[in-house]
Peer 1: 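Sharing a structure below in C-alpha cells format, with a few things to ask.
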Amino acid sequence: MRVIAVMNQKGGVGKTTTTLNLSHALALEGQKVLMLDMDPQGHLGSCFSVNTDNSSGMDEVLLDGKEIAEVIQEVRDNLFLIPAGARLGEIETRPQNSDAASQSRMGYQLYDAMSALPENEYDFILVDCPPASGLLAMNAILACEEFVVPVTGDYLALQGLSRLIKVVTHIEQVLEKNTRKWFVVTRYQKQRKLAQQIRSKLVSYFPDQVFETAIRENVSLAESPGFAKTIFEYKPRSNGAEDYRQLAIDLLENRTLH
Ligand SMILES: Nc1ncnc2c1ncn2[C@@H]1O[C@H](COP(=O)(O)OP(=O)(O)O)[C@@H](O)[C@H]1O
Ligand SMILES: [Mg+2]
C-alpha cells in the first residue's frame, strides 16, 4: 500500500485536480484507490457531487474519533472517497491541550486513524492537502510516506517550494523517516519560455524526482468538476486525460527526469 500526500502550501497549483484525476487514472489501471480530503473546503467531494456539509467525513474521524472505515464511500469502480466533512476546519482552531505529549500527538491523529484500516486493503491512498501549513497539513505529512508536489510554471512557484522542502526534510530528520518526493509540473504551457525554464530548474534541484509527464494547461480539466466528472468521463481524448493517464504510469513505474 502506497500512502501519498498531494501537497503544496500554495493554493491553485492543481492539488485537487491531481488527486482526483491521478486517482481515477490509477483506478482505471486496475489499482484500488482511496482518496482522502484533508482540505476543509471539501472541493474533492464536490468533484464527485458529494456534498461535504451533509456527509460524514474526516471531521468526524479526527474530532469525534469515528472509525475511518465508516466514512468511506465508493464513488467509482476501484475508487473510494472520504470527504472532508463540514467541521474539518475546527481542527485548526479548537483549543489545544497545553502539555507537550498531547500536543505532539495532535499531529498523529490521521496516522492513528489510518492504522485502523486493514493492511493492504488499498493499493494507493491519496491525500488531498489544504493550501496551508497548519495542523491538517502536519497530520498528512506524518501519515504519508510519499509526497506528490504539484508545481506551476511560474517564478513564485519555486520560492514557496524551498520552504515546503525544508519542513518535510526537518520532519524526516526528527523522525528518522525516509520519504519519497515527486514533483509534477502542472498547468504547463510548452510555448512559454518561462515554464520551460522552471521545469529544467526543478529537475536540476531535484534530479530523479520530477515526473516525466507535465500536466498541460487544458480547459477540460477545469470544466469537468462542474459536471461531477473526472477528466476520463468528461473528455477522455483531451490532453488532460492523456497527461493524467501518463502520470499514473510515471508513478507506477518510477518514470522521472534527470
Ligand atoms: N492543467 C490544468 N489546466 C487548466 N486548469 C487547471 C489545471 N489544473 C488545475 N486547473 C484549475 O486551476 C484551479 C486550481 O486548481 P486546484 O486543483 O483546485 O488547485 P489546488 O487544489 O492546489 O488549490 C482550478 O480551477 C482548476 O480547475
Ligand atoms: Mg485543492
Side-chain angles (χ1 to χ4, degrees), residues 4-25 35-50 52 57-59 81-85 88-89 91-92 126-134 136-137 139-141 144 147-154 156-161 163-164 181-192 194-196 198-199 202 210-248 250:
I4 305 175
V6 180
M7 176 168 298
N8 190 329
Q9 76 274 26
K10 206 164 173 269
V13 296
K15 289 182 291 295
T16 301
T17 306
T18 297
T19 306
L20 111 107
N21 291 304
L22 178 57
S23 295
H24 198 200
M35 300 171 293
L36 205 154
D37 195 355
M38 284 292 275
D39 185 348
Q41 295 177 95
H43 286 168
L44 189 61
S46 340
C47 296
F48 291 94
S49 49
V50 170
T52 215
M58 283 317 299
D59 58 346
L81 167 74
I82 304 180
L88 186 60
I91 301 267
E92 306 277 13
L126 269 75
V127 180
D128 188 16
C129 293
S133 42
L136 285 167
N139 268 276
I141 292 176
C144 296
F147 301 92
V148 167
V149 183
V151 183
T152 49
D154 58 279
L156 288 174
L158 289 180
Q159 289 189 348
L161 210 55
R163 212 180 98 221
L164 177 69
K181 293 177 261 325
W182 312 96
F183 298 87
V184 54
V185 176
T186 57
R187 315 202 64 161
Y188 187 58
Q189 292 174 284
K190 207 174 171 185
Q191 65 281 16
R192 281 183 60 195
L194 182 62
Q196 285 182 25
I198 301 285
R199 191 156 188 244
L202 204 57
V210 180
F211 281 130
E212 262 182 38
T213 306
I215 308 299
R216 286 167 285 186
E217 180 77 23
N218 179 232
V219 69
S220 302
L221 285 170
E223 290 167 351
S224 60
F227 298 90
K229 288 177 172 172
T230 72
I231 194 65
F232 304 102
E233 298 159 338
Y234 179 63
K235 289 278 165 69
R237 270 180 279 278
S238 62
N239 286 344
E242 177 56 23
D243 292 345
Y244 276 108
R245 205 176 288 123
Q246 289 301 322
L247 190 70
D250 287 356

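Counting starts at 1 for both ligands and their atoms, following the listed order.
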Peer 1: Supply the atom-to-atom distance L126 CG to C144 SG, rounded to the nearest 0.5 angstrom.
Peer 2: 8.5 Å
Peer 1: Quick one: name the protein N/O/S atoms under 2.8 Å from the Mg ion (ligand 2), chain by chain.
Peer 2: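 Metal shell, protein only: T16 OG1.
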Peer 1: Regarding atom 9 (C) of ligand 1: of the candidates T17, V13, D39, which has the closest heavy atom?
Peer 2: T17
Peer 1: Using a 4.0 Å heavy-atom threshold (strictly under), name the region of R216 that reaches ligand 1: side chain, backbone, both or neither.
Peer 2: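 Backbone only.
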Peer 1: Answer yes or no for atom 24 (C) of ligand 1: protein heavy atom present at a distance under 4.0 Å?
Peer 2: no
Peer 1: Can you tell if the side chain of M38 reaches within under 4.5 Å of the side chain of M58, non-hydrogen atoms only?
Peer 2: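 Yes - at least one pair of side-chain heavy atoms lies under 4.5 Å apart.
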Peer 1: Looking at CD1 of I231 and SG of C47, how far apart are the two atoms once the value is rounded to the nearest 0.5 Å?
Peer 2: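 One gets 11.5 Å once the value is rounded to the nearest 0.5 Å.
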Peer 1: Compute the minimum heavy-atom distance from H43 to ligand 1 and say whether it is under 4.0 Å.
Peer 2: no
Peer 1: Does T17 have any side-chain contact (heavy atoms from CB on, under 4.5 Å) partners at least two apart in sequence or in another chain, and if so, which?
Peer 2: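 Only N21, L221, Y244 meet the side-chain contact (heavy atoms from CB on, under 4.5 Å) criterion with T17.
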Peer 1: Taking atom types as modelled and ignoring hydrogens, do the side chains of T16 and D128 form a donor-acceptor contact shorter than 3.5 angstrom?
Peer 2: yes
Peer 1: As an exercise, identify every atom of ligand 1 less than 4.0 angstrom from a heavy atom of G12.
Peer 2: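 Every atom of ligand 1 under 4.0 Å from some heavy atom of G12: 14 (C), 19 (O), 20 (P), 22 (O), 23 (O).
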Peer 1: Give a yes/no verdict on whether any heavy atom in G11 is under 4.0 Å from an atom of ligand 1.
Peer 2: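 Per 4.0 Å heavy-atom rule, G11 contacts ligand 1.
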